[in-house]
Structures are given as structure tokens and as C-alpha cells.
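Right, one structure below, let's go through it.
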2 protein chains.
Amino acid sequence: MRSDCPVSYALDFFGDKWTFLIVRDLVEGKKFYKDFLNSKEGIATNILSDRLKKLERNGIVESKVYEKLKTQKEYALTEKGKDLIPLLIEMMVWSDKHHTGLAVNPDFIRRANTSREELISAIRLRLD
Amino acid sequence: MRSDCPVSYALDFFGDKWTFLIVRDLVEGKKFYKDFLNSKEGIATNILSDRLKKLERNGIVESKVYEKLKTQKEYALTEKGKDLIPLLIEMMVWSDKHHTGLAVNPDFIRRANTSREELISAIRLRLD
DNA sequence: CCGCATCCCTATAGATACTG
DNA sequence: CAGTATCTATAGGGATGCGG
């Protein structure tokens, strides 16, 4: 930790190009190592492995053996992880507003701007 | 740009340990190179210089000669930069909720949770 | 001196190849 | 499938440079 500033604290976790993309994938419902690996940004296996461990160590993600296929691990967001949904939404809203051509659902942005809390709840529910 | 995902787009800017701390400083009202340099995290001069250029190139920050002391440059957030305030707030709320001992004003968090839009407007106003 | 930019070197992030 | 090992590129720290 570089300082007691809350922004700095958050950046100590997410101040890199990959960690938050895994959170995004989890919010989108992805659960398995191979799903994260196949995301279009193309994360390297060592980075993915490292970040999953870091996320788990810090209580943002938890994993368990996938019952239906025991060779796979199933990853999920903890409550601390789900509390990142608002941050994710703000990132999407900002990017959409200031850059054209991004893959953003207009309805999503509308809901973020008009019924924010409801949108957050809906996303949370989907994850349970 | 790694993909057309809005989260990825935002991380292409802010996916490092320093860029967003400068935004934080600007939101707190800091204006000069030396102010950023003196922030408690201790940024190096080459990194600061590099990030200020990057922020300016990307339309998040603008600079002009400081009229009262022409040897100094005065930095300020553009509209695109000010639109990062909600993101900043969410980072603070999340960090405060999940880590004790951070320097966060409880009243700030209360306002973020109860009268978010008002808080955003108030911060914006302070910057004009 | 002061304010900032550049240089150089090390540490770490990340890409590719490989393995239990 | 889910990682580790190895190698390379880049970020970042500290010193130094340079124009007021």
C-alpha cells in the first residue's frame, strides 16, 4: 500500500491492464479459466493465473471445484467483488460517452443513467 | 486499443498505478506539477511528466501558462476529465467499505450514498 | 535555485512455449 | 484443462540535464 488514500488503495488492486477485465468477465457470468482465456483481449495464461490468485487472496473472487466436471475450477465473485459493479458501470458510461464505436448496449446506458440502483440490483441478482 | 469493450477502453487509459492518481489530485484542486509531485504516494518526475502528456493528448487534461507566475504551467480537467468524478467516487466508496483505516471523510461517503448527483455537481462546481 | 524533462538502469508485467 | 518456465518488453525509480 502506497498511502491511506482510498483511490490509491483501489489502484493497488486494479492498477493494471488485466485485473479488472477478469472482474468484468465474472460480472458477465463467465466462470471458468478457459472462459477468461478466450476473452477477446487475449490474456496470457501466466497473467490470468496470477490475477486469479491475487483476486482470491484479496477476497474479491472465490473458487471451488466444479461438481459436474471435477477437473475444472469454478470462479465466482464474493460480496466484495459484487460491490465493484457500480465501478464497472461508471467505466462503461464514461467510455461510451467519450468514445464512439464501442460495443455498448444503448439500453444499458439508459438504465445506468435513469435507474442506476435498479440496474445494479438486476446484475447482482443474475449472479446469485 | 485491445478490443471494442468499454471497460477495456477505460483500462487502456487508466490501467496503471499512476494516471488516475493525477486525476484524483486534479479533482482535489491541485493544479501544478509540483503539487502532483508532492502527493504522498511519491510519483517519479519522469512518470508524472509522461502521464500529464498522455492525459493531455487524450483530452482529459488541458494546460496553460500560469499568468501569475509564467514559469509554471497550470493544469485543469476538461469536461471529459470531470466526467471521471463518478468513477472516482465509486472507487472511494468501495475502498472505504472494504478496508478500514483509510483516510476517508465519513460525510463524503454518506453524501455519495444518499445524494450522489448532488455530490457530483458540488465537486464539479468547485472546479470551475 | 526552481520547474520540469530526459537518461539510464532495474524490477516487474506480459507473450510464447512448454508441462503435470 | 489449468497452469509453470522462460524469455522479452515496458513501467518505473533515481540521477542528471537544462532553461528560466
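Chain letters run A, B, ... following the sequence lines, proteins first, then strands; residues in each count from 1. For clarity, every value in this text was computed on a predicted model and none was experimentally measured.
Remark: P of C:dG14 and CG of A:Leu21 are 10 Å apart, rounded to the nearest angstrom. Distance A:Lys17 NZ to C:dA15 P: 11 Å, rounded to the nearest Å. Here C:dG20 presents its C1' atom at 15 Å from NZ of A:Lys73, a figure rounded to the nearest Å. Computed from coordinates, the B:Phe14 CZ to D:dA11 P distance equals 16 Å when rounded to whole Å. The distance between atom CG of A:Leu11 and atom C1' of C:dA13, rounded to the nearest whole Å, is 17 Å. Across the protein-nucleic acid pair, A:Leu69 atom CG and D:dA2 atom C1' stand 12 Å apart, rounded to whole Å. Here D:dG3 presents its C1' atom at 14 Å from CD1 of A:Ile22, a figure rounded to the nearest Å. One can place CZ of A:Arg2 at 14 Å from P of C:dT12, the figure rounded to the nearest angstrom.
Between A:Arg124 and the choices A:Glu117, A:Glu118, A:Glu79, the salt bridge (charged side-chain N to carboxylate O under 4.0 Å, His left out) rule is met once, by A:Glu79.
Partners of A:Lys30 under the side chain to side chain donor-acceptor pair (under 3.5 Å) rule, at least two apart in sequence or in another chain, are A:Ser39. Applying the salt bridge (charged side-chain N to carboxylate O under 4.0 Å, His left out) criterion to A:Glu90, with sequence neighbours excluded, gives A:Arg116, B:Arg116. With sequence neighbours left out, A:Glu74 forms a side chain to side chain donor-acceptor pair (under 3.5 Å) with no residue at all. For B:Lys40, the side chain to side chain donor-acceptor pair (under 3.5 Å) partners two or more places apart in sequence, or in a different chain, are A:Asp4. Partners of B:Phe108 by ring pair (Phe, Tyr, Trp, His ring centres under 6.0 Å), not counting sequence neighbours: none found. In this view, B:Phe13 and A:Trp94, B:Tyr9 satisfy the ring pair (Phe, Tyr, Trp, His ring centres under 6.0 Å) rule, not counting sequence neighbours.
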List the atom pairs, donor and acceptor, that lie under 3.5 Å between side-chain atoms in residues 65-72 of chain A and the rest of the protein, sequence neighbours left out.
residue: A:Glu67; atom: OE1; partner: A:Lys70; partner atom: NZ; Å: 3.4

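Taking side-chain N and O atoms only, B:Gln72 has no distance below 4.0 Å to OP1 or OP2 of C:dC2. The phosphate of C:dG14 has OP1 or OP2 within less than 4.0 Å of a side-chain N or O from A:Trp18.
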Dot-bracket for DNA chain C, 5' to 3', with Watson-Crick and G-U pairs under 3.5 Å, [ ] for crossing pairs and | for other-strand pairs: what is it? ||||||||||||||||||||
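Listed by first and then second residue, the salt bridge (charged side-chain N to carboxylate O under 4.0 Å, His left out) pairs that reach into residues 52-66 of chain B are B:Asp16-B:Lys54, sequence neighbours excluded. Pairs engaging residues 97-108 of chain A under the salt bridge (charged side-chain N to carboxylate O under 4.0 Å, His left out) rule: A:Lys97-B:Asp83, A:Asp107-A:Arg110 [sequence neighbours left out].
Contacts of residues 29-62 of chain A with DNA chain C (heavy atom under 4.0 Å): A:Ala44, A:Thr45, A:Asn46, A:Ile47, A:Arg51.
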Polar pairs (N or O, both sides) under 3.5 Å between protein and nucleotides 17-20 of chain D?
none

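A chain of hydrophobic side-chain contacts below 4.5 Å, direct or via other Ile, Leu, Val, Met, Phe, Trp or Tyr residues, connects B:Ile109 to B:Val27.
Within 4.0 Å (heavy atoms only), A:Tyr75 reaches sugar-phosphate atoms of the nucleic acid but no base atom.
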